[in-house]
Amino acid sequence: MKLTITTLVIVEEGQVQDVYHSLEDNQEKAYQKIIDMIEDEYGDEENNTHFKSIQDIEDYFEIVHIEIQELTSIGFKTAILK
């Protein structure tokens, strides 16, 4: 058994602004889930601010860090994939 956790961290002015997680095994679905969460929270129709890709998020925020971890049931070792 394995569990894949995709985490995106947003840093603004030296402070962690938000942390988003997805447990999707499919990486494209994991990214899309995170993009949708950020669009729901930061998207603004009035200012025409929208997030359709990870690149949009990286372009908008000061620092964006993405990490993918894979946990396996064999002693629950962690492998950081990206």
Side-chain angles (χ1 to χ4, degrees):
M1 179 183 141
K2 78 172 184 174
L3 174 66
T4 302
I5 304 170
T6 303
T7 303
L8 184 140
V9 179
I10 296 173
V11 178
E12 292 281 295
E13 297 178 7
Q15 300 287 326
V16 172
Q17 187 77 24
D18 272 310
V19 178
Y20 298 91
H21 302 284
S22 173
L23 301 177
E24 290 284 341
D25 283 331
N26 180 302
Q27 211 51 53
E28 286 182 33
K29 287 182 181 179
Y31 282 159
Q32 191 58 55
K33 184 175 180 181
I34 290 171
I35 292 164
D36 292 344
M37 287 188 278
I38 293 171
E39 174 66 22
D40 288 347
E41 188 160 339
Y42 290 99
D44 184 356
E45 190 67 42
E46 194 172 296
N47 293 320
N48 199 28
T49 304
H50 298 285
F51 302 95
K52 305 280 186 216
S53 67
I54 295 294
Q55 187 63 51
D56 290 344
I57 296 165
E58 291 175 332
D59 291 345
Y60 185 81
F61 294 101
E62 183 181 336
I63 298 172
V64 174
H65 178 74
I66 300 171
E67 187 171 282
I68 303 163
Q69 295 180 349
E70 189 175 279
L71 304 173
T72 60
S73 61
I74 303 170
F76 288 99
K77 296 179 181 177
T78 301
I80 297 175
L81 303 176
K82 181 179 177 191

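Numbers here simply count residues along the sequence, with the first being 1. In what follows, every heavy atom counts, from backbone to side chain, and hydrogens, waters and symmetry copies are set aside.
- The shortest non-hydrogen separation linking I35 to I54 is CD1-N, 3.6 Å.
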_Does D56 form a side chain to side chain contact (heavy atoms under 4.5 Å, CB included) with I38? I'd like the steps, not just the answer._
CA-CA 11 Å; D56 290 344; I38 293 171; over 6 Å; no
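- Remark: the backbone N or O of F51 is paired with a side-chain donor or acceptor of E39 at under 3.5 angstrom.
- Both Y60 and L8 sit in one connected hydrophobic cluster of ILVMFWY residues. Membership requires side-chain heavy atoms under 4.5 Å apart, directly or through other members.
- Between A30 and S22, the closest heavy-atom pair is CA-OG, 3.4 Å.
- Distance alone, capped at 3.5 Å, is enough to place a donor-acceptor pair between the E12 side chain and the E62 backbone.
- A centroid separation of less than 6.0 Å is found between the aromatic rings of F61 and Y42.
- How far CD of Q32 is from CD of Q27: 12.5 Å, rounded to the nearest 0.5 Å.
- Separation of atoms NE2 (H65) and OG1 (T7) is listed at 8.5 Å; rounding is to 0.5 Å.
- Within the 4.5 Å cutoff, side-chain heavy atoms of I10 are placed close to those of Y20.
- The hydrophobic cluster containing I34 also contains I66, counting ILVMFWY residues as joined when their side-chain heavy atoms lie under 4.5 angstrom apart, directly or transitively.
- Under the 4.5 Å side-chain contact rule for hydrophobic residues, I5 and V9 do not share a cluster.
- A donor-acceptor contact closer than 3.5 angstrom is absent between the side chains of T6 and E24.
- Between L23 and T4, every side-chain heavy-atom pair lies at or beyond the 4.5 Å cut-off.
- Under a hydrophobic clustering in which Ile, Leu, Val, Met, Phe, Trp and Tyr are joined whenever their side-chain heavy atoms come within less than 4.5 Å, directly or via other members, I63 and V19 fall into the same cluster.
- The distance from the CD atom of Q69 to the NZ atom of K2 is 13.5 Å, given to the nearest 0.5 Å.
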